[in-house]
Number of protein chains: 2
Amino acid sequence: MRLTDQEFNRVLVLKKLRASEPVARTDLVGLTGLTGGTITAITADLVRRGIVIEEKVATSGPGRPRVNLRINPQGRYVVGTTPTNEGELLTEIVNLRGESLGFAKAALTRDTTIEGLARQFITALEQALAEWDVPREEIYRIGIGIPGIVNNRTGIVEHIISLDSGPVDFGGIVGEALGVATLIDNSTNLLARAEHWYGAAAHADDFTLINIDLGIGAALYRGGQLVTGVHGMAAEFGHTKVVPDTGRACYCGGIGCLQAYCSVQSIMEQSCAQLGRPLPDFDRMNAAFDGLMAEQAAGRIDIGPILEQASHYLGVSVANHITMQDPEAVVILGPKFTMIEELRSIFFDALERNTFPALRRRTRLHFKLGDKGAYARGAAAMVLEQIYRCS
Amino acid sequence: MRLTDQEFNRVLVLKKLRASEPVARTDLVGLTGLTGGTITAITADLVRRGIVIEEKVATSGPGRPRVNLRINPQGRYVVGTTPTNEGELLTEIVNLRGESLGFAKAALTRDTTIEGLARQFITALEQALAEWDVPREEIYRIGIGIPGIVNNRTGIVEHIISLDSGPVDFGGIVGEALGVATLIDNSTNLLARAEHWYGAAAHADDFTLINIDLGIGAALYRGGQLVTGVHGMAAEFGHTKVVPDTGRACYCGGIGCLQAYCSVQSIMEQSCAQLGRPLPDFDRMNAAFDGLMAEQAAGRIDIGPILEQASHYLGVSVANHITMQDPEAVVILGPKFTMIEELRSIFFDALERNTFPALRRRTRLHFKLGDKGAYARGAAAMVLEQIYRCS
DNA sequence: GAGGAAATTTTAGAGATTAAAATAATCGCC
DNA sequence: GGCGATTATTTTAATCTCTAAAATTTCCTC
């Protein structure tokens, strides 16, 4: 659905304000290309709603002093919640600046249905809210990140891997039980929203986020909006093929998926096979991976070739993506192995050699360790993006 | 640049009208989601400008009979012109329905500069116009397709392979010499525009065009608009890697580019090497390829494995693209080898096996032989897309 | 405390869109 | 041949957003 000019302009003002705060109205004129009168009208509305606050600024020259605008840290509180691969439910309350005001972690028991998962969400959320002592009416939205296929307009979860499939009105169920409106999206999309509003891509309208965890997820922003694909399943970056036909098998049934080389799970599989160790359980995998990395750093094992191969193929895949899409930036959230200088240089080497020459070194690249608060920030970002759409 | 709501709606009406003509105003209400009054206003403007004509329709039931609308075949004439790999300049005059009213072909002499090429364009265009006996003032726009990097807003050509590089105001030079305004774009983009307005993607806002010629070009439509990438160089599909590290070398300097397997040039290189024949000149390559295909069909040579490999890797690449982008349709314009049933099934096999399972068989695929009139239709499409932007 | 400068707000006007009412054009039927 | 039913299109009145320009605010400097 295309945004109207009005929605677009309002979100534009909010984005520029967020990305450059504190900022005066005059600056927003330049940043947005709108006229002063329009900025006055839009910011007045934002101030009236309590989303933005004014802030006197120490004056310095002649003329009427500028009034700085900022996102109101007490304006709206948003709860973000996501299940992790470790079988936990992370819940965090943030303000619209993306600042955390409370964090909770609950254990999830293995469930077989999506409805069962929803019930666990409800219990955990109720507990977290009680713990933080936040009255419900102070919570503006609950943002839910789902590691699966979601319709972010209807709140309906279509599919979560290893759970009974079938559409479930997840957002509706959780929202009704808690008496708070929900927003729902794929968890990788939340990470991308967080980067777009609060992170490395705060000034980029066309960027790609790649999240390396047990699996590999990606999300695309184009023209300042998240791209979902006609079936809502774009950006399955982990399942693009880097070694077609002859490569490693992937759980998706394909051969040579990037995910079969570069995900934490596949690195663990290869490493455990090499070392003759048993593969840890799914929910211990990330911890075991950290342990392995420590052993590797200490020189007690040598899984160097596996990590090098992972870095190499990540470079190849990102190169292909850049060649095809020419984005402004690529943000790679990853586990520690992406932080090792030597592996990083293997990545960059593969990236450079495999990118179409005219596009080499022209794309901004950011590496970050994934932080768990990002999901809640993503939920807050979703509120900011949709604030003029659902009211 | 984002279109205003007004521009967007006008182009939307024109698109729906074009894609479903003849069509009554009532239908456009349903097709566009706009109200009757707005449709009246917009179509009145289109009729006033002579772009659209009304057409009485034989009545059939009760009620006021509908008035059908059609693109006026005498509304605007657009000349499209593109150089080919065979060293010719194809020039064609079409109306806004994309129907050809005249065609001309001129030989280009090898040039070393972009300016020189522009001069040859001018001569050839003058000759074609004289031949067709069309007065200049009847020509609305000259649309120029450039096999290189172009800024379609400014008309400036940044780079054409094997010509002296450096920005040249190609559109300005040609337009001034002929006294007709020009529109300019990359030639693959013109093909995509032609498909979007007149071809297989006339109802798709999110599709990908792949053109297989001596090289491989691609263009992406997203949300009904051509995607160019932040550096204007998106969609270098031919230079994404299908056999990284160990594959065939590509002229771009990369290893394992799709182009090194699937382009006409690479198939010719492999075939000639196998058969011990000399590689034909660049401008004879396509003809020689057709000859080779005939020999193959007659069973006089066996380049089957080369063609099979090409088809296979094309399938892998398209699969990766679908996995990453989830488009509505992919249109593949190609030379004859894409029309051979057996090769097609190799393609589909590779496509299916390498597409992310949830996206298999959900993307519409069109195979077409490239026709040379497509460039002129693309120029006409560019006029339709920009008719509310440059007046 | 008057004048200057820069930021912001106000005002008036232009356009686009919508919903609803009005009008137009035809058919079927008596 | 005229009347009412029916569907298509146009008109009207109101709303809304944005812009440009003028007015106002607020502080600094002299």
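In what follows, chains are A, B, ... by sequence order, proteins preceding strands, each numbered from 1.
- Near DNA chain D, meaning a heavy atom under 4.0 Å from it, residues 11-20 of chain B has no residue at all.
- What separates NZ of K56(B) from C1' of dA25(C) is a distance of 10 Å, to the nearest Å.
- At dC18(D), one or more side-chain N or O atoms of N9(A) fall inside 4.0 Å of OP1 or OP2 (strictly under the cut-off).
- Here dT17(D) presents its C1' atom at 13 Å from CD of Q6(B), a figure rounded to the nearest Å.
- Each end of the helix from dG1(C)-dC30(D) to dC30(C)-dG1(D) gets its own axis from five base pairs, and the two axes differ in direction by 20°, given to 10 degrees.
- The distance from atom CG of L96(B) to atom CZ of R377(B), rounded to the nearest 0.5 Å, is 13.5 Å.
- Side-chain atoms of H196(B) come within 3.5 Å of backbone N or O of A204(B) as a donor-acceptor pair.
- The distance between atom OH of Y388(A) and atom P of dC16(D), rounded to the nearest whole Å, is 16 Å.
- Side-chain atoms of Q386(A) and R141(A) form no donor-acceptor pair, as typed in the model, at a separation below 3.5 Å.
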Using a 4.0 Å heavy-atom cut-off, write out nucleotides 1-14 of chain D from 5' to 3' as B (base contacted by protein), S (sugar-phosphate only) or - (no contact). -----BBBSBB---
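- Here the straight-line distance linking atom CZ of F8(B) with atom OG1 of T4(A) works out to 11.5 Å at 0.5 Å rounding.
- Between the side chain of D206(A) and the main chain of G223(A), a donor-acceptor pair closer than 3.5 Å is present.
- More than 12 non-hydrogen atoms from other residues, nucleotides or ligands lie less than 6.0 angstrom from CZ of R136(B).
- Note that R18(A) lies outside the cation-pi zone of Y198(A), set by a 6.0 Å cut-off to the ring centre and a 45° limit from the axis.
- Between the C1' atom of dC18(D) and the CZ atom of R2(B) lies a distance of 14 Å, rounded to the nearest Å.
- Side-chain atoms of R25(A) and T43(A) form a donor-acceptor pair, as typed in the model, at a separation below 3.5 Å.
- The environment of CD in E21(B) is crowded: more than 12 heavy-atom neighbours from other residues, nucleotides or ligands sit within 6.0 Å.
- Counting to the nearest Å, the C1' atom of dA16(C) and the CG atom of L34(B) are 11 Å from each other.
- Of the inter-residue distances, the one linking E328(B) atom CD with F207(B) atom CZ reads 9.5 Å to the nearest 0.5 angstrom.
- Here the P atom of nucleotide dA6(C) and the CG atom of L28(A) are 19 Å apart, to the nearest Å.
- More than 12 heavy atoms of other residues, nucleotides or ligands sit less than 6.0 Å from atom CD of E55(B).
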